[in-house]
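Report on one structure; see the data block that follows.
Naming: A, B, ... by sequence-line order, numbering from 1 per chain. All of these numbers come straight from a predicted model, not from anything done at the bench.
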Amino acid sequence: MRVFQNLFSPSVQHTLDLIGIFVFAISGALLAVRKNFDVFGIAVLAEVTALGGGLFRDLIIGAVPPAAFTDLGYFVTPLLAALLVFFLHPHVERIQVGVNVFDAAGLGLFCVAGTTKAYEYGLGLTQSVTLGLATAVGGGVLRDVLANEVPSLLRWDRDLYAVPAIVGATLVALCIRYDALTSFTSGLAALTAFVLRLLAMRFHWRAPRAWNRRSTVREE
Amino acid sequence: MRVFQNLFSPSVQHTLDLIGIFVFAISGALLAVRKNFDVFGIAVLAEVTALGGGLFRDLIIGAVPPAAFTDLGYFVTPLLAALLVFFLHPHVERIQVGVNVFDAAGLGLFCVAGTTKAYEYGLGLTQSVTLGLATAVGGGVLRDVLANEVPSLLRWDRDLYAVPAIVGATLVALCIRYDALTSFTSGLAALTAFVLRLLAMRFHWRAPRAWNRRSTVREE
Amino acid sequence: MRVFQNLFSPSVQHTLDLIGIFVFAISGALLAVRKNFDVFGIAVLAEVTALGGGLFRDLIIGAVPPAAFTDLGYFVTPLLAALLVFFLHPHVERIQVGVNVFDAAGLGLFCVAGTTKAYEYGLGLTQSVTLGLATAVGGGVLRDVLANEVPSLLRWDRDLYAVPAIVGATLVALCIRYDALTSFTSGLAALTAFVLRLLAMRFHWRAPRAWNRRSTVREE
């Protein structure tokens, strides 16, 4: 295992992780409320959204038991988010813009942390970028699958979400490649993903669909 | 690995496992019939419902290959359940109450076995309870996802299902904490979960939804 | 680990794998276009369809990181398929018959490769057949779950898909059992699955549903 010593101090990294987990959990809990789930469903969707991406990454790189099952803080934080939404969700909704900003911050933090951890476990740079992306967006995909909806990530009518994470993860990979990964450049990569996501929301940037989309082929 | 010697005799434990697997498989096969799947789809949904929860637990704790792929009895039992439903499903439906009672028994057995196995593999008590719950309900969630339905577990309009499993798993964790885990106390924990689930079905106990549930927030 | 030396030469095996991955990716990308996903959704569905089955197999047998994350060719090939569909999809649709033939070839190749790899990692013959089947059909199931559709595999109104893969995987298991697994018999097993799938499409072979399918039982 390759370890980047002191990328962030452990306590700073842990705090950043918990913030990302918390805001992702809020987004899961809010969807559960919209789907009319009970308090238990809210807690499950909060946990899955917050921890699903990292869980997938850890299973792929063979880091078992995954961090989600060894760090008690990772497990308890989504429960707190679920409780908050359960009791205060009209207020949480009113600050939806704030939630979106925090979610963008979570996206930036997770794509950087995911890429770094995957590389530390010996994966190639391209694969590390892929797992960085999966760490950042995987929880949201699982959230939508459990809520029986088409993953928001895949839909053309949503503002860019994956691209900022890909950019952030790629910046980390380039830093690794040119031996320039420090807590400063890591933070810069996370910040870039964060700002790109904010801009995508502000200006409704979207990705193109395939040409001639009105397809009439019968489903096989 | 911490092993609780002689919690149950191996053959008793194995028989209990097979009973739990069988009744869960029945519930998967019945849903497949309702969804109009063919005989192959019935078999797949029976296998997934019966083994999915344990499979998830084993991947998390790093017990690979999972028990579902090493014990031939675990694999064949759901096929028998699928065949039974395929040929006799109007009769199986008629005894739906019986199926529900057996399913409650499976819930009790699996939450206890899952918690114990997770702890044996070195997880903390809270995480072991979580995996005990996941073992008990994970197969049903996978069943509903494959059938393209909102997981029954998360819906507010279903009788309590997860709470009995959480109670059973928590009792096991308390027994471990106070060094009192025996086959007797394990059985008692499983029995408690079983009886709680029966009571939830009998009296239609449900979990609360979030306050002010008529949400009008636009989906982000 | 049991290794069958020189079953195929490594380069031949790798080429066959890439062909299978490519045609599966085409089927995923086409579904993404039909679902009106954007270019990113097309790439994700191509990757998941092409690599999902092998990924599941590798997680079960403990081969981490999975081949999908160590072999760059496995990762890049679906992206090429996604690009092709993105720019040319009316043409790709026009050659739908050709795609179906290639998909059948992928089915044959993957059920053989999956069964062999599972056995090499120490699983029993029955379980190896199951994982061979899962390798061949798992990506398609994940594709349909992410697209929020009932898995095509489980539906009664689709031509036989799993049965050819089961036959191919079983032939491999019989060859292993009777010590007759060579590149020739492997190829024969793949060819059998391939031809069976072509016949199933040509003559619309379907699997039976449960008797008395008009079920009126209330969903539990």
Give, as side chain, backbone, both or neither, the part of B:V163 having an atom under 4.5 angstrom from any heavy atom of chain A.
neither
Proximity breakdown for B:I166 and chain A, heavy-atom pairs closer than 4.5 Å
side chain
Note: A:K35-A:E149 ion pair, threshold 4.0 Å (strictly below):
yes
Looking only at A:A32, A:G41, A:A29, the option with the highest number of non-hydrogen pairs under 4.5 Å against chain B is A:G41
Does this structure show an ion pair linking B:R155 with A:D38, if we count only N-O contacts that are shorter than 4.0 Å?
no
Aromatic rings B:Y74 and B:H14: how do their planes relate, parallel, tilted or perpendicular, breaks at 30° and 60°?
parallel
Answer yes or no: is there a side-chain heavy-atom contact under 4.5 Å between A:L131 and A:Y121?
no
Region of A:L146 in contact with chain B, defined by heavy-atom distances below 4.5 Å:
both
Picking from B:L153, B:D144, B:L59, B:T130, which has the most non-hydrogen pairs under 4.5 angstrom with chain A?
B:T130
When the 4.5 angstrom heavy-atom criterion is applied to A:V39 and chain B, the contacting part is both
Should the heavy atoms of other residues, nucleotides or ligands under 6.0 Å from CZ of A:F102 be counted, would the total exceed 12?
no
Report yes if the side chains of B:S128 and B:E120 come closer than 4.5 Å at any heavy-atom pair, otherwise no.
no
Engaged part of A:L55 at the chain B interface, taking heavy atoms whose separation is under 4.5 Å
side chain
Max heavy-atom pairs within cutoff under 4.5 Å with chain A, candidates B:T126, B:V64, B:I61, B:D157, goes to B:T126
Does the side chain of A:C111 reach to within under 4.5 Å of the side chain of A:T135, using non-hydrogen atoms?
no
Is the shortest side-chain N to carboxylate O distance from A:D159 to A:R197 below 4.0 Å?
no
For B:V150, is it the side chain, the backbone, both or neither that has a heavy atom under 4.5 Å from a heavy atom of chain A?
both
Portion of A:F75 that has a non-hydrogen atom of chain B nearer than 4.5 angstrom:
side chain
Could you tell me which portion of B:L133 (side chain, backbone, both or neither) has an atom closer than 4.5 angstrom to a non-hydrogen atom of chain A?
side chain
